[in-house]
Structure formats: structure tokens, C-alpha cells
Engineer: 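Can you keep this structure in mind? I'll have questions shortly.
First the proteins, then the strands, lettered A, B, ... as listed; each starts at 1. None of the values given here were measured: they were computed from a predicted structure.
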Amino acid sequence: MNASAEPRPSNFIRDIILDDLKTNKYAGRVQTRFPPEPNGYLHIGHAKAICLDFGLADEFGGKTNLRFDDTNPSKEETEYVDSIMEDVKWLGFHWDGLFYASDYFDQLHEWAVQLIKAGKAYVDDLSADEIRKYRGTLTEPGKNSPYRDRPVDENLDLFARMKAGEFPDGSRVLRAKIDMASPNLNMRDPVMYRILHASHHRTGDKWCIYPMYDYAHGQSDSLEKITHSMCTLEFEDHRPLYSWFIQQLGIFPSQQIEFDRLNLTYTLLSKRKLLQLVQNKQVSGWDDPRMPTICGIRRRGYTPEAIRNFCGAIGVSKTNGSIELAMLEHFVREDLNRHALRVMAVLRPLKVVIDNYPENQVEEMDAVNNPEEPAAGSRKVPFSRVLYIEQDDFREEPPPKYFRLSPGREVRLRYAYFITCTSVVKNEKGEVVEVHCTYDPATRGGNTPPDGRKVKSTIHWVSAAHAIDVEVRLYDNLFTKEDPGQTEEGKDFTSNLNPNSLEVVSHAKLEPSLAAAPAGSRYQFERLGYFCVDPGSAPGKPVFNRTVALKDAWARVEKKQSGKP
RNA sequence: UGGGCCGUCGACUAAUGGUAGGUCAAGUGCCUUUGGAGCACUUUGUCUAGGUUCGAAUCCUAGCGGCCCAGCCA
């Protein structure tokens, strides 16, 4: 059973399936496939395709295969195969058949021979360069290759010798004989096989000729009896070719349906460019929490549920657009708000001394684990005379609408007491390094005192003597531009890299309950955001990644204030 | 410039000839022991011009705008 799908609005692909079901086009069957090329890690754009392929089949009681499109041995590796399987499973989907395009190399070869015999394919001796010249341009038709009308026997012989490894890479190709004057360049005698003396991750050195995508994909779909073969818009021009091979071969008529690829603001979703970031060490790896890869956002703390909800919400169409990153962030917050345990952490500590609190006293305060989920219970948090609060939560001269601590002002310490700031201690530079307060014993637990006085703000804190020291990594967008591909003349996308996308806070203070938090566990640091334990944490010293900040109403006010000086 | 595809609030997406609706964002208010969450409310949209029709986002025509295609990549 696949991850259950929330009721989603319909879309044009579902409508096609509904229609096919009604007309009994495929005997009531729905069979899809997710066909990644194992040449990189999966990213959030693939998640959209995965949710579609698996989700739609699941909805109609159909099946989905995972098929690795491994027709180009020079780029593909088992490392990628393994990561792809892990990521699909993590997203919550289960494939029915597990296949590789390379499973079909023998059959594909046999069909190629069949097409040669039918006069529909020929061996071309033209070089890659010459082929390009013969292809014509967008506005001019191509010219027939001088080898186009080679007799069948000669084609058969040459193709057999290509397969036998008699010719060097690039010396010959097998081409489909279609129409060099077609306005669709894909139909101008597309290459079916090229010579590549390369070792394949699964077939080893068995082959030195490898099928092209166009020749392999449709037939692979057909062999698996795929009914609805979804792919992205850029393959629209390939559909006539997809259908042409299937028709010439007279095999199961899979149909290709194209939808719009996911674009996200401030994000790059190109395997090539992501690989470049990894190779140039501009990120720490494919799973850098700033990467839009599945493994990256997993390490960042996103949940499969959030990603699935996001994919469901964005819908599917043929419009070329870009989703705002805020949409993705909304769905993590929504999920984490419901499930993440709350905890108190101080990122940038400011020492607070409660002058009227007994010197060596420690109290255990009751703190709710998750107000959204009463069953999550509560925990004890130690309170004492010396605390840390957030530097942001104190202003010596509070701006308008700033409700937090400042001289003479009273605030609530969450789950603890009301405190009033009485004085500050500054260093030589005039910076406030210590705040002195008094507390009101009648407000224990944070309760409103008998006199009913209210406080405008509640702030978080940790007990200095009990807090554990942790590293916290704060992430911002990897790119500074909405469309990172949009660059100035002569510059590439890396010029849009955000130099401040990672901020390491080495000595954050965290309540002691999390000393042994396991890798991958997710929490809300109250008033700050959602954080998860990085898998690279050393035992006893957790490292936290910020998944996403909480929405911050004060930040908006502050921004507005500074925007209109 | 040949071919293919696509134009609906700021973003994404519904409405399948019959009330332009939802989500995100933005804003306002309520509530609040997280300036979180929640709740309520609000703003903004059918690319343009013609046509068909009782009625058009939807059908037709013509414009305009955007994306994709000239790998022996997928």
C-alpha cells in the first residue's frame, strides 16, 4: 500500500486516466513507472513526479514500476541507484516491479535488427559533426545521409560488427529511417544506437553499443505494459518518435503524457548544476541541508508527509511556472507543528541573574511537550538563579511595539516566573552582557499573579548551570535570486550563490532533556523554529539543523519599521 | 524565423458553454503562558481584439507574450 493520498483537486492527467477507464482503453488497467536515470541524486522535482506516478496508479488500484533508465554507461553509477531506491522508499512509496532499461538490451537489439530488416533503420558512417550538418536547422530541412539507402544485408552486417566491437567509438551509428525534412527535428532519422566502449554498471562489458533514450524508453514502457507514461514537458517533441517506434514494432501501445516540471524560487533543480555544486565543494555534498535533493531536505529535517502534501497541493498542469519556496515551507511547518516536541533553546545567550532568587535553589518546572498533541505529555525543566535568554529578547531601548524585556519592564519566562528587569551590566564596548532582574514568586509556573496583572510577552530561557552546549546550523536560501539561472553576462549560476546560506552557531544553549537526542529527531525550539539532529553529530554533542524558522510577526513589524524610516 | 506547447488573483491551481472557487503569500481583527499555532474577515485575476452563442475563462479567428527543440545526453 502506498502512502495515502489526500483528496486532491483533479488534473488533466487524472482526467485522461478517467477517460481511458471509461472507454476501457487498457482493459481497466493503470500501470505507471518512475524512470530516473541513475546519474545523480533525486531532488524535490523528482518528488513531484514520484507522487504523480505512484499516487495516480495507487488511486486507481494500479501498479507502479521503478525503472532505472541506464542507457548511458558513461554517466551512471550504482551509488545513484542505491540512493534513488532509498529516497523513493523514504518518501513513502513502494514499487511493484524493479527494472532497468539495461534488462531490455537484448530485446531492444533484436527489435533493432527487425527494423533494419524492414528497411526502417540503417547504419550511418557519418561523423557526429557531419550528422549535425546534415540535420538542417530549425527552419531548413535536413539532407539524407549518403549511407541512408544502404542495402539491408550491408546494414545487418555493419550493425553486427558494431555490436562485436569492431569499430571505434563514434565511428558509426544506427539510425531510424524516418524523414529528414520533418519539421520536428526528432524525426530527422534519430540515432538509435551509438558505439560506446564503456563498462556498464550492470551489464559490464557485454555491450559496446548502447541504445539512445528515444529508442529505449518507449519500448521499455511497452514491455512493462505501461498504460500512462508521464514525463516532463521537454519531451513533448519526442512523443511522435515514442509512438513511431511502438507502432513500427507493433508492440503494446503505451502512451506518453507530458506535464510541467517543478520550479521553485531560490532553488535550482538541475542535476547537472547540483552535481557541479557538489564537485566544486560549494556545498558539503548531495545531502547538504541546503540542497533541494531528497537526501538534503531529509537531513534538513523535512518529513515525507510534508513533501507529499506539498506535491499534492501544487497540482499538475502544462503551464510553465515557478512555485514560491514559501509554499514548501508552509507544508513543513504545518506537519512539524502537529508532530514536533517543543523544547527551549537559546541561540545567542544573554546572561540573566534573578537577584531575589535563592542562590543555590533549583526548581523543576513543568513544560508541555506539544500543545497540539496533549498525549505528548510534559517534562521537567530546571530553573535557577542564573539563566540565559535570547539576546534578541532584550533591548536597552525598546523600539515601538517591542514587547520583550527592557529596563523596568516585566515579561514572563515560559513555564517559570514573571521577571522584571532592574539593571544591566555592560562591557568596555558598552554592550549589555548581563541583565539583572527580580522575580515574582506568585507567578510560579508562569501563572498570572493574583493581582491579575498581565504581561505582553513570554520569552524562553535555559538555566545556565544545567544547559547543554550545542552547535546549531542556520540555513538560508542557497541562492540570492528568485531564479538562480538568471545571471549577468559572462557569469554562471554560481554567481547567485548566497554567501550567507549557512550560519554556524557554535555555542547555543539547550535544555538538558535533549542531551541524548537521536540523529534525525525533530523538535521545535520554542519561538525560534524547527530543528533536527544532524546525523553527523558526535555522541553527547548534538548538532542541530534548522529546518525552517517559525513565522515571525515581530520580524515583520521590525522590517516595516526599518522600511519606512 | 520551422515545429511543438502554454497564457485565470503576487505565486500555484480549479471551474470541462451556465454563480470565477481553493491553497500559499499579503493585510485586518480575535485569541494566546510560543509575537508560534488556531479562528474570522479582506484585497487582488480570466493576455488583447474581434467573432459564435440567450450565455464564453472555456468554442472560432487574428494578434501579443512565455517555454521547449538543431547531443552519438536523458
Engineer: Scan A/Arg404 against the nucleic acid and name what it touches under 4.0 Å (heavy atoms): base, sugar-phosphate only, or nothing.
Structural biologist: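 Base, at least one base heavy atom under 4.0 Å.
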Engineer: NA contact type, A/Val368, heavy-atom cut-off 4.0 Å: base, sugar-phosphate, or nothing?
Structural biologist: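 The answer is nothing, as A/Val368 stays clear of every strand by at least 4.0 Å.
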Engineer: If the threshold is 4.0 Å, N to carboxylate O, is there a salt bridge linking A/Arg395 and A/Glu558?
Structural biologist: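 Yes, A/Arg395 and A/Glu558 are salt-bridged.
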Engineer: Only one of A/Phe105, A/Trp207, A/Tyr100 passes ring pair (Phe, Tyr, Trp, His ring centres under 6.0 Å) with A/His200; say which it is.
Structural biologist: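 Exactly one option meets the ring pair (Phe, Tyr, Trp, His ring centres under 6.0 Å) with A/His200, and it is A/Phe105.
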Engineer: Starting at atom CG of A/Asn11, determine the distance to atom C1' of B/U23, rounded to an integer number of angstrom.
Structural biologist: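 After rounding, the gap between these two atoms is 15 Å.
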Engineer: Donor-acceptor pair, distance only, cut-off 3.5 Å: does the side chain of A/Asn369 make one with the backbone of A/Ala376?
Structural biologist: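 Checking the backbone N and O of A/Ala376 against the side chain of A/Asn369, a donor-acceptor pair under 3.5 Å is found.
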Engineer: Quick one: pull up CD in A/Glu77 and NE2 in A/His201 and give me the separation to the nearest 0.5 Å.
Structural biologist: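 Reported to 0.5 Å precision, the distance equals 10.0 Å.
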Engineer: Could you measure between the two P atoms, the one in B/A15 and the one in B/U58, and give it in whole Å?
Structural biologist: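 Comparing P positions in B/A15 and B/U58 gives a spacing of 14 Å.
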Engineer: Using atom C1' of each nucleotide, how far apart are B/U46 and B/U16 to the nearest Å?
Structural biologist: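 To the nearest whole Å, 15 Å.
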Engineer: Any base atoms under 4.0 Å from A/Tyr415, or only sugar-phosphate, or nothing? Heavy atoms, all strands.
Structural biologist: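 Since a base atom lies under 4.0 Å of A/Tyr415, the category is base.
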Engineer: Quickly work out the A/Leu325 CG to B/C12 P distance and round it to whole Å.
Structural biologist: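 Checked: the CG to P distance equals 14 Å.
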Engineer: Taking the C1' atom of each, how far is B/U44 from B/U28, in whole Å?
Structural biologist: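 Each nucleotide's C1' atom is 15 Å from the other's.
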Engineer: Do NZ/NE/NH1/NH2 and the carboxylate oxygens of A/Asp189 and A/Arg135 come within less than 4.0 Å?
Structural biologist: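 No, this pair does not count.
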Engineer: A/Leu52 has an atom CG; how far is it from atom C1' of B/U13, in whole Å?
Structural biologist: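 Atom-to-atom, A/Leu52 to B/U13, this comes out as 14 Å.
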Engineer: Based on the glycosidic angle (syn within 90° of 0, else anti), state the conformation of B/G17.
Structural biologist: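 This nucleotide is in anti.
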Engineer: Going by an N to O cut-off under 4.0 Å, is there a salt bridge joining A/Lys318 and A/Glu236?
Structural biologist: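 A salt bridge is present here (some side-chain N lies under 4.0 Å from a carboxylate O).
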Engineer: Rounded to the Å, how far apart are A/Arg412 CZ and B/U32 P?
Structural biologist: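 One finds 11 Å between P of B/U32 and CZ of A/Arg412, rounded.
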Engineer: How far, in whole Å, is B/C31 from B/G36 if one measures between their C1' atoms?
Structural biologist: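 Straight-line distance between the two C1' atoms is 13 Å.
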Engineer: Using heavy atoms to find the nearest nucleotide of RNA chain B for A/Arg239 and A/Ala553 separately, return the residue whose nucleotide is more 5′.
Structural biologist: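 With A/Arg239 and A/Ala553 compared, the 5'-side residue is A/Arg239.
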Engineer: Identify which nucleotide among B/C5, B/U23, B/U28 has an atom closest to any side-chain atom of A/Lys560, counting heavy atoms from C-beta outward.
Structural biologist: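 Per side-chain heavy atoms of A/Lys560, the pick is B/U28.
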Engineer: If only side-chain N and O atoms of A/Ser317 are considered, is one of them under 4.0 Å from the OP1 or OP2 phosphate oxygen of B/U13?
Structural biologist: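 True: A/Ser317 side-chain N/O within range (under 4.0 Å) of B/U13 OP1/OP2.
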Engineer: Pull out every residue in residues 260-267 of chain A that has a heavy atom closer than 4.0 Å to any atom of RNA chain B, ordered by number, or say none.
Structural biologist: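 A/Asp260 - these, ordered by number, are the residues of the stretch whose heavy atoms sit under 4.0 Å from the strand.
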Engineer: Between the protein and nucleotides 37-42 of chain B, are there any N/O to N/O pairs under 3.5 Å, and if so, what are the atom names and distances?
Structural biologist:
| unit_1 | atom_1 | unit_2 | atom_2 | d |
| --- | --- | --- | --- | --- |
| B/A37 | O2' | A/Asn337 | ND2 | 2.8 |
| B/A37 | O2' | A/Glu372 | OE2 | 3.0 |

Engineer: Please report the distance separating the P of B/A70 from the corresponding atom of B/G51, rounded so that it comes out in whole Å.
Structural biologist: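 Result for the P pair: 42 Å, nearest Å.
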Engineer: Answer yes if the side chains of A/Asp260 and A/Thr319 hold a donor-acceptor pair under 3.5 Å, and no otherwise.
Structural biologist: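 Not at all, the side chains of A/Asp260 and A/Thr319 share no donor-acceptor pair under 3.5 Å.
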Engineer: Would you say the side chains of A/Ser222 and A/Gln219 form a donor-acceptor pair under 3.5 Å?
Structural biologist: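 There is no such pair (donor and acceptor under 3.5 Å, judged by atom type) between the side chains of A/Ser222 and A/Gln219.
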Engineer: Take a 6.0 Å sphere around CZ of A/Arg261 and say whether it holds more than 12 heavy atoms from other residues, nucleotides or ligands.
Structural biologist: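 No.
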Engineer: Measuring only the C1' atom in each nucleotide, how far is B/C6 from B/U42? A whole number of Å is fine.
Structural biologist: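 My reading of the C1' atoms in B/C6 and B/U42 gives 32 Å.
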Engineer: Using a 4.0 Å heavy-atom cut-off, does A/Gln524 contact any base of the nucleic acid, only the sugar-phosphate backbone, or nothing at all?
Structural biologist: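 The residue A/Gln524 makes base contact.
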Engineer: For A/Pro240, which contact category applies under a 4.0 Å heavy-atom criterion: base, sugar-phosphate, or nothing?
Structural biologist: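 No contact.
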Engineer: Cation-pi check for A/Phe167 against A/Arg172: NZ or CZ below 6.0 Å from the six-membered ring centre and within 45 degrees of the axis, yes or no?
Structural biologist: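 Judged by the rule (NZ or CZ under 6.0 Å from the ring centre, within 45° of its axis), A/Arg172 counts as positioned above A/Phe167.
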Engineer: Can you check the distance between B/U32 and B/A26, where both ends of the measurement are the P atom (answer in whole Å)?
Structural biologist: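 Each nucleotide's P atom is 24 Å from the other's.
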Engineer: Could you state the atom-to-atom distance from CE of A/Met180 to P of B/G3 in whole Å?
Structural biologist: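 Interatomic distance, CE of A/Met180 to P of B/G3: 18 Å.
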Engineer: Can you tell me, in whole Å, how much space there is between the P of B/G65 and that of B/A56?
Structural biologist: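 Approximately 27 Å lies between the P atom of B/G65 and that of B/A56.
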Engineer: Answer with base, sugar-phosphate or nothing: what part of the nucleic acid does A/Lys271 contact at a heavy-atom distance below 4.0 Å?
Structural biologist: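 A/Lys271: no heavy atom of the nucleic acid under 4.0 Å.
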Engineer: Output yes when a side-chain donor or acceptor of A/Asp169 lies under 3.5 Å from a complementary backbone atom of A/His197, and no otherwise.
Structural biologist: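 Answer holds: yes.
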Engineer: Specify the separation, in whole Å, of atom NZ of A/Lys456 and atom P of B/G36.
Structural biologist: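 Checked: the NZ to P distance equals 14 Å.
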Engineer: Between B/G2 atom C1' and A/Glu236 atom CD, what is the distance in whole Å?
Structural biologist: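 Rounded to whole Å, this separation is 17 Å.
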Engineer: What's A/Tyr402 touching, base or sugar-phosphate or nothing? Going by heavy atoms closer than 4.0 Å.
Structural biologist: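 Base contact.
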Engineer: Would you mind checking if A/Glu258 and A/Arg239 are paired as a salt bridge, meaning a charged N to carboxylate O distance below 4.0 Å?
Structural biologist: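 Yes, this pair counts.
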Engineer: A/Phe159: what forms a ring-ring contact (aromatic ring centres under 6.0 Å, His included) with it, not counting sequence neighbours?
Structural biologist: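 Result, ring-ring contact (aromatic ring centres under 6.0 Å, His included) vs A/Phe159: A/His109, A/Tyr193.
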Engineer: List in chain and number order the residues that pass ring-ring contact (aromatic ring centres under 6.0 Å, His included) with A/His460, two or more places apart in sequence or in another chain; answer none if no residue qualifies.
Structural biologist: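 Counting only residues at least two positions away or on another chain, A/His460 forms no ring-ring contact (aromatic ring centres under 6.0 Å, His included).
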Engineer: Please determine whether side chain to side chain donor-acceptor pair (under 3.5 Å) holds for the pair A/Asp124 and A/Ser145, giving the CA-CA distance in whole Å, both sets of side-chain angles, and the decisive distance to 0.1 Å.
Structural biologist: CA-CA 7 Å; A/Asp124 197 346; A/Ser145 163; 2.9 Å; yes
Engineer: Report, as a single string ordered 5' to 3', how protein heavy atoms within less than 4.0 Å touch nucleotides 68-74 of chain B: B base, S sugar-phosphate only, - not at all.
Structural biologist: BBBSBBB
Engineer: Tell me the stems RNA chain B sits in, counting at least three consecutive Watson-Crick or G-U wobble pairs, each under 3.5 Å on both distances.
Structural biologist: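 Stems found: B:2-7 with B:64-69, B:10-13 with B:21-24, B:26-30 with B:38-42, B:47-51 with B:59-63.
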Engineer: Closer to the 5' end of RNA chain B via nearest nucleotide, is it A/Asn370 or A/Gly321?
Structural biologist: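 Nearest-nucleotide comparison on RNA chain B picks A/Gly321.
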Engineer: Without decimals, in angstroms, what is the distance between A/Glu324 CD and B/U23 P?
Structural biologist: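 Between P of B/U23 and CD of A/Glu324: 16 Å.
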Engineer: Under 6.0 Å between the ring centres of A/Tyr215 and A/Phe245?
Structural biologist: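 Distance test on ring centres: under 6.0 Å, yes.
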